[in-house]
Amino acid sequence: FLAVLLWLAPGPARGAGSSSRHTALSALLFGLALVNHQAFILALPGFVVLWWREFSVPENRRHFLRRGLPFLLLGLGLYVFLWVRIADPSRAWAVFTRQEYGTWQLSAGLSRPMSLNLAFSLLGYFFGEVGRRTSLMAAGLALLGAVGLWRRDRRYAAGLLLIFLGFGPGFFLASRLDVSGWVARTVMESTLVLPALVVCIFAGYQESLDIGEAVDI
């Protein structure tokens, strides 16, 4: 979902000006992504920034309300099927609000009270694992690519950075898991995929010293 949504979003490769299909498909996929995993809401600030140039034009906002909003509701409509299938409004609401998981926590049974030591442990584990899973070379290229992309399109770079921070440090801190235990590390393993994807996207941008502008590689 994240990869396709980033491909559809206005950016350096496609520029401003989204087609009706891009708007409708992005809205549908974002709704489906939220049904798939509610933590995808952490990507919303980043996507707002990515689409801000589009929404800054009144006509584009009206266009989204006409074409995008119905598809967003269509994607979220899978929740309706879930509620019908459960056939118990109170249980359906408990699933929707993640009551058994501690709502904003990833796992209430594994979460610990937040402390400075726990925060440093989570952040250290996160950045170490992202570097290990993408390679130190990719992480270094991502830093260079982020600088080049910022010079070329600050809006797009800021949107990617917000998505990385939301799915990465933000999500890890919200989980409050003690990553010294193997169970917690196993639970968090899959959550490293999305921030690692953003790192790889940043690594794909380099600044050309010959022509003095950022190019995609």
Side-chain angles (χ1 to χ4, degrees), residues 1-79 104 126 130 139 141-174 191 193-208 212-217:
F1 285 123
L2 179 62
V4 177
L5 282 167
L6 289 175
W7 178 67
L8 291 171
R14 186 162 59 83
S18 63
S19 67
S20 298
R21 289 180 297 177
H22 285 137
T23 302
L25 184 56
S26 295
L28 175 65
L29 291 177
F30 197 87
L32 292 174
L34 284 174
V35 175
N36 178 65
H37 204 300
Q38 290 161 314
F40 210 85
I41 194 67
L42 297 172
L44 181 59
F47 279 108
V48 169
V49 172
L50 291 178
W51 285 85
W52 186 258
R53 189 178 299 164
E54 299 285 297
F55 295 152
S56 62
V57 180
E59 178 58 32
N60 289 344
R61 288 197 296 269
R62 291 191 291 269
H63 171 74
F64 172 76
L65 291 175
R66 292 194 305 267
R67 298 298 302 273
L69 187 58
F71 281 92
L72 176 63
L73 296 176
L74 178 63
L76 292 173
L78 285 181
Y79 271 126
W104 281 105
F126 166 74
V130 168
L141 289 174
L143 292 175
L144 295 175
V147 173
L149 185 56
W150 180 265
R151 292 176 177 175
R152 180 182 183 184
D153 191 330
R154 292 187 177 183
R155 177 192 52 80
Y156 194 76
L160 286 180
L161 182 59
L162 284 175
I163 293 173
F164 173 82
L165 293 176
F167 278 135
F171 186 78
F172 269 67
L173 291 175
T191 67
V193 174
L194 297 184
L197 173 62
V198 178
V199 169
C200 292
I201 293 174
F202 272 126
Y205 285 91
Q206 292 296 302
E207 186 172 13
S208 172
E213 62 179 7
V215 294
D216 299 345
I217 60 172

Starting from the C-alpha separation in whole Å, work towards a yes-or-no answer on side-chain contact (heavy atoms from CB on, under 4.5 Å) for Leu2 and Phe40.
-> CA-CA 9 Å; Leu2 179 62; Phe40 210 85; 4.2 Å; yes
Hey, do the aromatic rings of Phe171 and Phe126 have their centres closer than 6.0 Å?
->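 No, the ring centres sit 6.0 Å or more apart.
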Heavy-atom pair of closest approach, residues [X] and [Y]:
X: Phe202; Y: Ala157; answer: CZ-O, 3.8 Å
X: Ala9; Y: Leu50; answer: CB-CD1, 4.1 Å
X: Ala27; Y: Gly68; answer: CB-O, 3.1 Å

Step by step, work out the side-chain contact (heavy atoms from CB on, under 4.5 Å) result for Trp51 and Thr23.
-> CA-CA 10 Å; Trp51 285 85; Thr23 302; 4.1 Å; yes
Residues that Tyr79 engages under ring pair (Phe, Tyr, Trp, His ring centres under 6.0 Å), provided they are two or more places apart =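 Only Phe96 meet the ring pair (Phe, Tyr, Trp, His ring centres under 6.0 Å) criterion with Tyr79.
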With sequence neighbours excluded, tell me which residues meet ring pair (Phe, Tyr, Trp, His ring centres under 6.0 Å) with Phe71.
->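 Result, ring pair (Phe, Tyr, Trp, His ring centres under 6.0 Å) vs Phe71: none returned.
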Answer yes or no: is there a side-chain heavy-atom contact under 4.5 Å between Leu161 and Val49?
->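 They are not in side-chain contact.
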Could you check if a side-chain atom of Tyr156 sits within less than 4.5 angstrom of a side-chain atom of Tyr205, using non-hydrogen atoms only?
->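 Side-chain contact under 4.5 Å: yes.
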Let me confirm one number: the [atom1]-[atom2] distance from [X] to [Y], rounded to the nearest 0.5 Å.
X: Phe30; Y: Leu72; atom1: CZ; atom2: CG; value: 8.0 Å
X: Leu5; Y: Leu28; atom1: CG; atom2: CG; value: 9.5 Å
X: Trp7; Y: Leu25; atom1: CH2; atom2: CG; value: 8.0 Å
X: Leu165; Y: Leu160; atom1: CG; atom2: CG; value: 11.0 Å
X: Leu32; Y: Leu76; atom1: CG; atom2: CG; value: 8.0 Å
X: Phe1; Y: Ser26; atom1: CZ; atom2: OG; value: 12.5 Å

Hey, mind stepping through Thr191 and Phe167 against side-chain contact (heavy atoms from CB on, under 4.5 Å) and telling me if it holds?
-> CA-CA 8 Å; Thr191 67; Phe167 278 135; over 6 Å; no
side-chain contact (heavy atoms from CB on, under 4.5 Å) partner of Ile163, the single match among Leu42, Leu6, Leu194 |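 It is Leu6, the one option of Leu42, Leu6, Leu194 that forms the side-chain contact (heavy atoms from CB on, under 4.5 Å) with Ile163.
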